[in-house]
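A quick write-up on the structure given underneath.
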Amino acid sequence: MDHEKIVELHDREAIRDCLYRYCRGIDRADEATLRSSYWPDAHDNHGAYAGSAEGFIEFALGVFKTEPRNIHQITNILIEFISPTGAAVESYFTALQRGPDGGRTIRQVLLCGRYCDLFQKREGEWRIAERTVVYDWLEEQTPQAASEIERFGLRQPIGTSHPDDPIYALGKRRIPSRVRK
């Protein structure tokens with residue numbers, strides 16, 4: 001395999017990893033992880049919000065730190081390199097969001113659509129420079145009246161925000177490397 005193909009495969013994986021970091025950052029209300037998916041000068045057109053990525057991050061954290069349940073999944077990632085340091089990336093998303101609206105009413109919404117992103121590679125790192133969210137499906141659902149304790153029962157632990165989610169404790173573990181003889 002030639003060097004160019006290896007670099008392309010590495011770049012594709014770095015772009016995918018950035019998309020997955022975005023999902024963890026938004027779902028866990030993890031500010032550092034969410035920020036690591038955007039360039040500081042990035043722009044985001046996200047339906048209810050259009051402006052700087054910085055503004056979107058502040059907007060999203062204000063919403064997602066208060067909502068009890070958020071799940072974002074990304075599939076069908078299509079990466080088209082437009083230059084050695086630029087890529088047009090389309091990825092399909094499914095998002096289930098459950099939490100209070102402006103008042104005390106719990107809302108549950110299933111959203112499906114696509115992230116249409118311009119990724120840029122700067123100093124060897126790929127991040128989102130521009131994002132437009134295209135919505136293809138929206139379904140208001142009736143949330144269950146039961147509390148999370150009743151709904152989840154013995155299925156514990158349940159996901160929570162940064163830094164309390166179990167993934168953060170797992171990430172702090174260090175496994176001693178084996179010494180080969």
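Atoms CD and CD, on Glu139 and Gln108 in that order, are 9.5 Å from each other to the nearest 0.5 Å. Annotation: the span from Ile74 atom CD1 to Tyr92 atom OH amounts to 13.0 Å, rounded to 0.5 Å.
Listed here is the closest heavy atom pair of Ala87 and Ile82: N-CG1, 3.9 Å. Of all heavy-atom pairs between Pro143 and Arg98, the closest is CB-NH1, 2.8 Å. The shortest non-hydrogen separation linking Phe93 to Val134 is CE2-O, 4.0 Å. Annotation for Ile26 and Ala60: closest pair CD1-CB, 3.5 Å, computed over non-hydrogen atoms. Closest approach of Val89 to Phe119, counting heavy atoms only: CG2-CD1, 3.6 Å. The two residues Gly113 and Asp136 have their closest heavy-atom pair at CA-OD2, 3.6 Å.
Asp27 places a side-chain N or O within 3.5 Å of a backbone atom of His72 that can act as its donor or acceptor partner.
Judged as a salt bridge (charged side-chain N to carboxylate O under 4.0 Å, His left out), the pairs with a partner in residues 85-96 (not counting sequence neighbours) are, in order, Glu90-Arg114. A salt bridge (charged side-chain N to carboxylate O under 4.0 Å, His left out) check over residues 155-166, counting only residues at least two apart or in different chains, returns the pairs Arg28-Asp165.
The side chain to side chain donor-acceptor pair (under 3.5 Å) search around Thr75 returns none, not counting sequence neighbours. Take Tyr20 and apply the ring-ring contact (aromatic ring centres under 6.0 Å, His included) test, not counting sequence neighbours, and it matches no residue. Arg151 pairs by the side chain to side chain donor-acceptor pair (under 3.5 Å) definition with nothing, not counting sequence neighbours.
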List, one per line, each side-chain donor-acceptor pair under 3.5 Å for residues 32-41, sequence neighbours excluded.
| unit_1 | atom_1 | unit_2 | atom_2 | d |
| --- | --- | --- | --- | --- |
| Thr33 | OG1 | Asp30 | OD1 | 3.3 |
| Thr33 | OG1 | Asp30 | OD2 | 2.9 |
| Arg35 | NE | Glu31 | OE2 | 3.0 |
| Arg35 | NH1 | Glu54 | OE1 | 2.4 |
| Arg35 | NH2 | Glu31 | OE2 | 2.9 |
| Arg35 | NH2 | Glu54 | OE2 | 3.2 |
| Arg35 | NH2 | Glu58 | OE2 | 2.8 |
| Ser36 | OG | Arg21 | NE | 2.8 |
| Ser36 | OG | Thr33 | O | 2.7 |
| Ser37 | OG | Leu34 | O | 2.7 |
| Tyr38 | OH | Asp44 | OD2 | 2.4 |
| Trp39 | NE1 | Gln120 | O | 3.0 |
| Trp39 | NE1 | Arg127 | O | 3.3 |
| Asp41 | OD1 | Arg122 | NH1 | 3.0 |
| Asp41 | OD1 | Arg122 | NH2 | 3.3 |

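A salt bridge links Glu8 with Arg12: at least one charged nitrogen is closer than 4.0 Å to a carboxylate oxygen.
The aromatic rings of Tyr168 and His162 sit perpendicular to each other, their planes meeting at more than 60°, with 30° as the lower class boundary.
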